Amino acid sequence: MAAANQKQLEMNAAAAADDVGFDPSMWKDFFVTYTSPLSQAGTSSEERMRARAERLTEEVRRKMFGDSSKGSTATMSMAKAATLVDTLERLGLDGHFREEIGTMLGRLCCDEADFAAGSDKYDDLHTVALRFRLLRQHGLRVSADVFNNFKDGLGSFSSSLCNDPRGLLSLYNAAHMATPGETTLYDTIVFTTCQLKAMSIKGELGSPMAEQVARFLDIPLPRFPRRLETMNYLIEYEQDDRHDSMVLELSRLDFELVKSIHIKELKALSLWWRDIYNSVKLSYARDRLVESYYWTCSVFHEEDDSRARIMFAKVFGFLSLMDDTYDVHATLEECCRLNEAIQRWDESAVSILPKYLRMFYIKLLNTFDELEDNLEPHEKYRVSYTINAFKLSSEYFLREAKWSNDNYTPSFTEQLEVSIMSSYPLLTPLVLMGVHDNKGVATAEAFEWAATIPDLIIASGEVARFLNDIASNKVRKNKKDMSSSVECYMAEHGVDQEVAIAALAMLVEHAWRRINQSCMEMDPVLQPAAQLVVNMTRALEVIYLGGRDVYSFGNDLDGLVTSLFLDPDTL
């Protein structure tokens, strides 16, 4: 009788899977066999590039910052200091000059009173806006009153700004660092958006300004993934007559060297994933290793973050398999069994699972054991935070499955609470787990902070939830999906889909403003960990740009993957 019941359960689950149409991976085993041009050139070529990059780093340090012991940066103008920090960050070089950039930010904090008072000394809109954005992005509070000097007696921006596209674009990006309640900055976004769109339509923008305006009107610079921005800005920086050839060469070398590391990691992860995916035999689940690795590189791309990237990608792969099992395949009884096994987190629990989930469970536990082995003795405590968060995700996946099984339409608030908690609380300890502690990022305090699920993480989860649901309403739906936030909003407010999507888009904006506020109000010791959460959220803007979902439907991301990891002509 038990065997018959088990057989029926498996038949029901198989029937449920018929409603799902995830495409197979377009990359298949491509990265298993791919060799980057740098690797083809041989070890000696890479060593020469690395040696050249190291020499250039020191030369740039001396040229740009001089002898810091003599305080030579103190005489640097505000405009030059802001431009230098912005250039190094957008070119992906800030990791080489963290101490110097910290000094520059200290310089930019000076004369705040003059800025707020609208001193004639600071009448360049680009410099004022650039300074404002940089300081706020680094968690330093700056008053929006610094822009009053560019307004007329009625409080509107001066019409003369319409002849300053560079200043307008800087102001547009700066205004996206608004916090809740800063209505003047909301109005600033509307004003600058209208002006920049008009200039674009009239063909008044030359290159590279036209490309930058188009890019940032889609995704503002403070929300743009940093590695992707570096790829674009390398080309644009070269076109700027004021560019520094030494800085440009260093950035090119650094980009290529880091890309070579990414390719090696992709190969190793592709081999690992092929074994996992073929072993667990969950063919209904998304096969998206390359797409998830793209997201990983958006969170942290630097060379010494290799361990963190690999750990993140591996655990995220299992989270995705578990998500699809709950969401599109398993019966409710099987979901309950899976959650029970996850809560027990012991190999003896494999016996309570249906046969098709047993290998998944064994591989999951084994992978976490391997990850713990790769941590230093004083770092091993981190794994328990990630396991606890994984268990929490499972609990919320089960609640979603029960709602779906009961055809229950939750309130908008209920739906949001559960859908956010089902994934985002896991991602923060996961993103911290593999970071080397010499950076002061993955501290015990950071893991405790993440475990409290502060508003920064909740707001980030809201961005993920709303962008995902806006996209999914355009492409879905399989019959096991629970009601999305779009559908719950429609039902609760009695509005159509278009109105609901517009409302959710505004909630995305509000969530970003809460993220900005959280970063400026938090303990500076936690800032580096919080920045990783911000980086995760930035990547979502690309994944769901224009209402698409490039994780579920990976073909939409192939161009970016090619440019970031493969195309030798990118630079």
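The figures that follow rest on heavy atoms only: side chains count, while hydrogens, waters and symmetry mates do not. What you see is a predicted model, and the numbers here were worked out from it, not measured in a lab.
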Atom pair [atom1] ([X]) and [atom2] ([Y]), whose distance is rounded to the nearest 0.5 Å:
{"X": "Glu249", "Y": "Leu56", "atom1": "CD", "atom2": "CG", "result": "4.5 Å"}
{"X": "Thr443", "Y": "Leu432", "atom1": "OG1", "atom2": "CG", "result": "8.0 Å"}
{"X": "Lys63", "Y": "Met246", "atom1": "NZ", "atom2": "CE", "result": "4.5 Å"}
{"X": "Lys267", "Y": "Ile263", "atom1": "NZ", "atom2": "CD1", "result": "10.5 Å"}
{"X": "Phe466", "Y": "His510", "atom1": "CZ", "atom2": "NE2", "result": "10.0 Å"}
{"X": "Ile189", "Y": "Glu509", "atom1": "CD1", "atom2": "CD", "result": "6.0 Å"}

Grab the two heavy atoms, one from [X] and one from [Y], that are nearest each other, plus how far apart they are.
{"X": "Ile515", "Y": "Ala459", "answer": "CG1-CB, 3.7 Å"}
{"X": "Val142", "Y": "Val146", "answer": "CG1-CG1, 4.3 Å"}
{"X": "Ile261", "Y": "Arg309", "answer": "CG2-NH2, 3.9 Å"}
{"X": "Thr188", "Y": "Phe157", "answer": "OG1-CE1, 3.4 Å"}
{"X": "Cys162", "Y": "Met199", "answer": "O-CE, 2.7 Å"}
{"X": "Ser292", "Y": "Leu289", "answer": "OG-O, 2.9 Å"}

Min side-chain heavy-atom separation [X]-[Y] under 4.5 Å:
{"X": "Leu228", "Y": "Tyr294", "value": "yes"}
{"X": "Leu532", "Y": "Val435", "value": "yes"}
{"X": "Phe97", "Y": "Leu84", "value": "no"}
{"X": "Leu171", "Y": "Phe132", "value": "no"}
{"X": "Arg514", "Y": "Glu462", "value": "yes"}
{"X": "Pro165", "Y": "Val213", "value": "no"}
{"X": "Met49", "Y": "Arg52", "value": "no"}
{"X": "Cys109", "Y": "Leu135", "value": "yes"}

Check: [X] side chain, [Y] main-chain N or O, donor-acceptor pair, under 3.5 Å:
{"X": "Ser158", "Y": "Leu161", "value": "no"}
{"X": "Ser260", "Y": "Glu256", "value": "no"}
{"X": "Asn173", "Y": "Leu221", "value": "yes"}
{"X": "Arg107", "Y": "Met76", "value": "yes"}
{"X": "Arg382", "Y": "Pro429", "value": "no"}
{"X": "Arg465", "Y": "Ile420", "value": "no"}
{"X": "Ser200", "Y": "Leu196", "value": "yes"}
{"X": "Arg61", "Y": "Glu100", "value": "no"}
{"X": "Ser460", "Y": "Leu456", "value": "no"}

Any idea how [X] and [Y] line up, ring-wise: parallel (<30°), tilted (30 to 60°), or perpendicular (>60°)?
{"X": "Tyr34", "Y": "Phe31", "value": "perpendicular"}
{"X": "Phe447", "Y": "Tyr381", "value": "perpendicular"}
{"X": "Tyr293", "Y": "Phe565", "value": "tilted"}

Tell me, please, whether Tyr237 has Arg90 positioned over its six-membered ring: NZ or CZ under 6.0 Å from the ring centre and within 45 degrees of its axis?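 No cation-pi geometry.
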Lys197 atom NZ: more than 12 heavy-atom contacts under 6.0 Å: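 It does not: Lys197 NZ has 12 such atoms or fewer within range.
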With side-chain contact (heavy atoms from CB on, under 4.5 Å) as the test, would you mind laying out the steps for Trp449 and Asp523 before giving the verdict? CA-CA 10 Å; Trp449 166 77; Asp523 186 336; over 6 Å; no
Picking from Leu564, Leu250, Leu91, Leu93, what satisfies side-chain contact (heavy atoms from CB on, under 4.5 Å) with Phe255?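 Filter result, single survivor: Leu564.
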Hey, are [X] and [Y] close enough for a salt bridge, meaning a charged N less than 4.0 Å from a carboxylate O?
{"X": "Glu46", "Y": "Arg50", "value": "yes"}
{"X": "Arg307", "Y": "Glu379", "value": "yes"}
{"X": "Glu89", "Y": "Arg133", "value": "no"}

Audit row: Val383, Leu371, side-chain contact (heavy atoms from CB on, under 4.5 Å) steps and yes/no: CA-CA 8 Å; Val383 177; Leu371 296 180; 5.5 Å; no
Going through the distances and angles, do Glu448 and Thr452 end up as a side-chain contact (heavy atoms from CB on, under 4.5 Å)? CA-CA 7 Å; Glu448 282 297 308; Thr452 66; 5.7 Å; no
Evaluate the side-chain contact (heavy atoms from CB on, under 4.5 Å) criterion for residues Ile101 and Leu105: first the C-alpha distance (whole Å), next the side-chain angles of each, then the deciding distance (0.1 Å), finally the verdict. CA-CA 6 Å; Ile101 286 176; Leu105 291 172; 4.1 Å; yes
For residues 174-182, run the donor-acceptor check on the side chains, cut-off 3.5 Å, and write out each pair with its distance to 0.1 Å, sequence neighbours left out.
| from | atom 1 | to | atom 2 | distance (Å) |
| --- | --- | --- | --- | --- |
| His176 | ND1 | Tyr172 | O | 2.9 |
| Thr179 | OG1 | Glu182 | OE1 | 3.1 |
| Glu182 | OE1 | Arg136 | NH1 | 2.8 |
| Glu182 | OE1 | Thr179 | N | 2.8 |
| Glu182 | OE2 | Arg136 | NH2 | 2.8 |

Working note: Arg513 + Asn516, criterion side-chain hydrogen bond (donor to acceptor under 3.5 Å, both in side chains); need CA distance, chi angles, decisive distance, verdict. CA-CA 5 Å; Arg513 291 163 189 167; Asn516 295 338; over 6 Å; no
